[in-house]
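Below you'll find the structure, written out as structure tokens, and then a few comments.
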Number of protein chains: 2
Amino acid sequence: MLDDFFTLENQLCFSIYEASSQFNKLYAKVLQPFGLTYPQYLALLVLWEKDGLTAKELGNRLNLGTGTLTPMIKRMEANDWVRRERSTVDERKVSIYLQPKALKEKQAIITKISADVKPCNIEFEEYEELMNQLNLLQKKLKQQNESLRK
Amino acid sequence: MLDDFFTLENQLCFSIYEASSQFNKLYAKVLQPFGLTYPQYLALLVLWEKDGLTAKELGNRLNLGTGTLTPMIKRMEANDWVRRERSTVDERKVSIYLQPKALKEKQAIITKISADVKPCNIEFEEYEELMNQLNLLQKKLKQQNESLRK
DNA sequence: TAAGATTTAATCGTACACGATTTAAATTTA
DNA sequence: TAAATTTAAATCGTGTACGATTAAATCTTA
């Protein structure tokens, strides 16, 4: 009984793992012409909303630590998407600012993603329902993660 | 209108990205005492269902190529979870067999996961519904991935 | 049956992702 | 205010992930 449940087919964790990796692959393909990876694009999404966040703040939005973020931001800096600037008020903090390229390319990126992802034909209701459930689940998981801390 | 789709699209891809990474962290923590990573555990789930699959077959189940799988299987071999054996009938193929350790530890692993994930309080209906939606979405994404193939 | 195509793994280079440690700056407190 | 603590980034080591290439075995077909 327990064993039936523990097949790959029945694992919610695997369904999410799979869906996530398909998103990854799809977006990687769509973004490649721009010289962007999927996580880099997610970082741009956050910065398009609010420019000049600190590394810490950006990390909180993306659930990423500096071990992941610092090298990624440096790569994005090397490709002229963003610029890093250490705060003069508090020298521990590094703020991240969009570069002109990131503003200029925004519309083209959005247009291409819409064009290439729309054919998936995901219904609006499907979207909303799924997202609500995922966000609920994500909160529960995060809570459990924090209660198991260490 | 284009932006409406874009906004929704972003939220969904981000929700999945987040939920996936929370699952990752949670399972990583739960599996650490066994010296297993989350992807390694998924590989065990597949092999517990059907032992002796070839690398190719295992990769198909997990949606992983040899660039990911070969090194992972070698690490699992080094930790006595599995054994690799090149087929004598077709020397291109490598079959992967569970080692005694993988059978002996199975129940303990399953029990611990049940115990540590249960507190998330995911209802059965919620679970089923979400999985169905995710699998549907995953299929659509995979299809689109294949139609954009290079 | 020999040349060409296909299949299967392995390898390589790049890019996340994470926990742990280190370093330096800022804040708290004794 | 000096010492202890906290905070923010950077760095390090390990482990996925992926596309591209390589190499060897097998299969197809002219």
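Each chain gets a letter, A, B and so on, in the order its sequence line appears, and its residues count up from 1. Given the structure is predicted, the values throughout are model-derived calculations rather than measurements.
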Taken to the nearest whole Å, CG/Leu62(B) to P/dA9(C) is 14 Å

Whole-Å distance, Leu69(A) CG to dA15(C) P, equals 15 Å

Between CG of Asn24(A) and P of dT14(C) the distance, given in whole Å, is 19 Å

Here the distance between atom P of dA17(C) and atom CG of Leu58(A), to the nearest Å, is 12 Å

Those residues at least two apart in sequence (or on a different chain) that pass side chain to side chain contact (heavy atoms under 4.5 Å, CB included) with Gln11(B) are Met131(A), Thr7(B), Leu8(B)

Review point. Reckon Thr70(B) has a side-chain N or O less than 4.0 Å from the OP1 or OP2 of dT11(C)?
Key: no

In short, Asp116(A) meets Gln144(B) closest at the heavy-atom pair O-NE2, 2.6 Å

Separation of dA17(D) atom P from Ile73(B) atom CD1, nearest Å, is 12 Å

Please work out if Gly65(A) contacts a base, only the sugar-phosphate, or nothing of the nucleic acid, heavy-atom cut-off 4.0 Å. nothing

Checklist entry - Would one find a side-chain N or O of Lys74(B) under 4.0 angstrom from OP1 or OP2 of dT11(C)? => result yes

Those residues at least two apart in sequence (or on a different chain) that pass side-chain hydrogen bond (donor to acceptor under 3.5 Å, both in side chains) with Arg86(A) are none

Short N/O separations, protein against nucleotides 14-16 of chain D, under 3.5 angstrom:
unit_1: dT16(D); atom_1: OP1; unit_2: Thr37(B); atom_2: OG1; d: 2.6
unit_1: dT16(D); atom_1: OP2; unit_2: Gln40(B); atom_2: NE2; d: 2.6
unit_1: dT16(D); atom_1: OP2; unit_2: Arg75(B); atom_2: NE; d: 2.9
unit_1: dT16(D); atom_1: OP2; unit_2: Arg75(B); atom_2: NH2; d: 3.4
unit_1: dT16(D); atom_1: O5'; unit_2: Arg75(B); atom_2: NH2; d: 3.1

Those residues at least two apart in sequence (or on a different chain) that pass ring pair (Phe, Tyr, Trp, His ring centres under 6.0 Å) with Tyr97(B) are none

In whole angstroms, the gap separating C1' of dA15(C) from CG of Leu31(A) amounts to 14 Å

Exam field: side chain Ser114(B) to backbone Ile110(B), donor-acceptor pair closer than 3.5 Å: yes

Sub-4.5 Å side-chain heavy-atom contact between Leu36(B) and Asn79(B): no

So, with a heavy-atom separation below 4.0 Å from DNA chain D, the residues of residues 80-105 of chain B are Val89(B), Asp90(B), Glu91(B), Arg92(B)

Rounded to whole Å, the NZ-P distance (Lys25(A) to dA20(D)) equals 13 Å

Whole-Å distance, Lys56(A) NZ to dT7(D) P, equals 8 Å

Residues at least two apart in sequence or cross-chain that pass ring pair (Phe, Tyr, Trp, His ring centres under 6.0 Å) with Tyr27(A), listed by chain then number, are Phe23(A), Tyr38(A), Tyr41(A)

Nearest-nucleotide check on DNA chain C, Asn63(A) vs Ala55(B); residue mapping nearer the 5' end is Ala55(B)

message = If only side-chain N and O atoms count, and only distance matters, is there a donor-acceptor pair under 3.5 Å linking Asn63(B) with Lys142(B)?
response = yes

- Carboxylate-amine/guanidinium proximity below 4.0 Å for Lys25(A) and Glu146(B): no

Heavy-atom nearest nucleotide on DNA chain C taken for Gln22(B) and for Thr54(B); more 5' hit belongs to Thr54(B)

